[in-house]
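The next block holds one structure in the form of structure tokens; read it before the comments.
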Amino acid sequence: MKQRHNARFTAVVVALTGVICASLTGCGTSQQAAPSTRVHATQPTTTLNTTGNPKPAFTGPTAQPITVMAVGGSVAHGWDDKTGGGYLARAFQTLTDEGPVSFAFVNKSIEGDGPTQMAAKYPGFLAALRPRVVVISWGMLDDIANKTPIPAFKKAIQDEISLALKANADVIVVTPPPTGASYGHDVQSEANLINIEVSLARSFHSQHVYVFDLFTQMKQYLASHHQSINQYSADAWHPNTLGHELAGEILAGDLATQFVKSTKSNSATSP
């Protein structure tokens, strides 16, 4: 398993030179290429897509697996992933397989919830699980459909990060994988909420808050491969199994080079 994952991470490095997404909208709708049965992750674009924290949160084996609690909606919960439990579960399983750190991933995402609906449940989840890591990954589309007021959305995200930090957890904010709606009727609204979430996370100026912009990286991947979002979508709101697989590999690559000092991060920095 470890050799297979290493090969998937290192065999293909996608050159994003010349692929410019001027905003969070508008790349990757061509349908020229057929879907692949294998997915290869991009190398993370650290200047654009992460906080650039100076050191990983975990640098070696721990006595017990690290408890990771994730919150989000149906996409984060893994809807329409027939084999892997969703992109978040896939990413942390890959990290565990690669080592040296093992993770116990607990997904508290709830289908149909946005951050304002999660607000009343979230403190109880934190108290019960006492996670070392909290992953926040909202899909945004429920909030768009429900017309959640922006001030309420901001407060809910800010409270999630603040409460996790007060509980001595590291926080990982992951923007969602794009879906058909990301290229269609929700293109501007989704991009706006994502920008708000990322700005809030970065406003903490904390080495314990990480931001991984999966949304932009996956759009860049589709554009550079001349692929359509339809190849990776179950419907307008949800990735299919292949979409979760691609999103999970991109996120695992980010985490393995910037959140965990893994075999991959060592090889990436070696001369």
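Predicted model only: the values in this text are computed from it and were never measured.
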Shortest non-hydrogen contact between [X] and [Y], atoms and distance:
X      : Y      : answer
Ala201 : Val211 : CB-CG2, 3.6 Å
Gln258 : Tyr210 : O-CE2, 3.6 Å
Ala236 : Leu141 : O-CD1, 4.4 Å
Phe215 : Pro177 : CD1-C, 4.4 Å
Pro178 : Ile229 : O-CD1, 3.5 Å
Gly139 : Pro176 : CA-CB, 3.8 Å

Exercise. Please list all pairs passing the ring-ring contact (aromatic ring centres under 6.0 Å, His included) test where one or both residues lie in residues 103-127, with sequence neighbours left out.
Key: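 For residues 103-127: Phe92-Phe103, Phe92-Phe105.
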Does [X] reach the side chain of [Y], with side-chain heavy atoms less than 4.5 Å apart?
X      : Y      : answer
Phe204 : Gln158 : yes
Gln217 : Asp254 : yes
Leu126 : Pro131 : yes
Val75  : Pro239 : yes
Glu249 : Arg90  : no
Asn192 : Ile150 : yes
Leu95  : Val101 : no

Can you list everything that forms a side chain to side chain donor-acceptor pair (under 3.5 Å) with [X]? Sequence neighbours excluded, please.
X      : result
Ser137 : Tyr87
Asp170 : His208
Asn240 : none
Glu160 : Trp138

Does any N or O in the side chain of [X] come within less than 3.5 Å of the main-chain N or O of [Y], such that one atom is a donor and the other an acceptor?
X      : Y      : answer
Ser102 : Pro65  : no
Asn195 : Ala191 : yes
Asn146 : Thr148 : no

Using side-chain contact (heavy atoms from CB on, under 4.5 Å) as the criterion, list what pairs up with [X], not counting sequence neighbours.
X      : result
Pro123 : Leu163
Ser189 : Ile144
Asp159 : Lys155
Ser199 : none

Quiz item: Of all residues at least two apart in sequence or in a different chain, which pass the ring pair (Phe, Tyr, Trp, His ring centres under 6.0 Å) check with Trp79?
Solution: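 With sequence neighbours excluded, Trp79 shows a ring pair (Phe, Tyr, Trp, His ring centres under 6.0 Å) to His238, given in chain and number order.
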Just how far is it from atom [atom1] of [X] to atom [atom2] of [Y], taken to the nearest 0.5 Å?
X      : Y      : atom1 : atom2 : value
Glu98  : Leu255 : CD    : CG    : 12.0 Å
Glu197 : Phe153 : CD    : CZ    : 5.5 Å
Thr175 : Leu193 : OG1   : CG    : 12.5 Å
Glu111 : His77  : CD    : NE2   : 4.5 Å
Leu222 : Leu246 : CG    : CG    : 6.5 Å
Phe259 : Ile172 : CZ    : CD1   : 4.0 Å

Quiz item: When you look at Leu88 and Leu251, which way does the side-chain contact (heavy atoms from CB on, under 4.5 Å) test go after all the steps?
Solution: CA-CA 8 Å; Leu88 296 177; Leu251 179 58; 3.7 Å; yes
Practice problem: Carefully, step by step, assess Asp235 and Asp80 under the rule side-chain contact (heavy atoms from CB on, under 4.5 Å). | Solution: CA-CA 9 Å; Asp235 55 44; Asp80 292 305; 4.1 Å; yes
Self-check item: Sequence neighbours excluded, every pair satisfying salt bridge (Lys or Arg N to Asp or Glu O under 4.0 Å) that has a member inside residues 121-148
Solution: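 Qualifying pairs, neighbours excluded: Asp113-Lys121.
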Exercise. Sorted by first residue and then second, give each salt bridge (Lys or Arg N to Asp or Glu O under 4.0 Å) pair with at least one member in residues 61-79; sequence neighbours left out.
Key: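 Of all non-adjacent pairs touching residues 61-79, none passes salt bridge (Lys or Arg N to Asp or Glu O under 4.0 Å).
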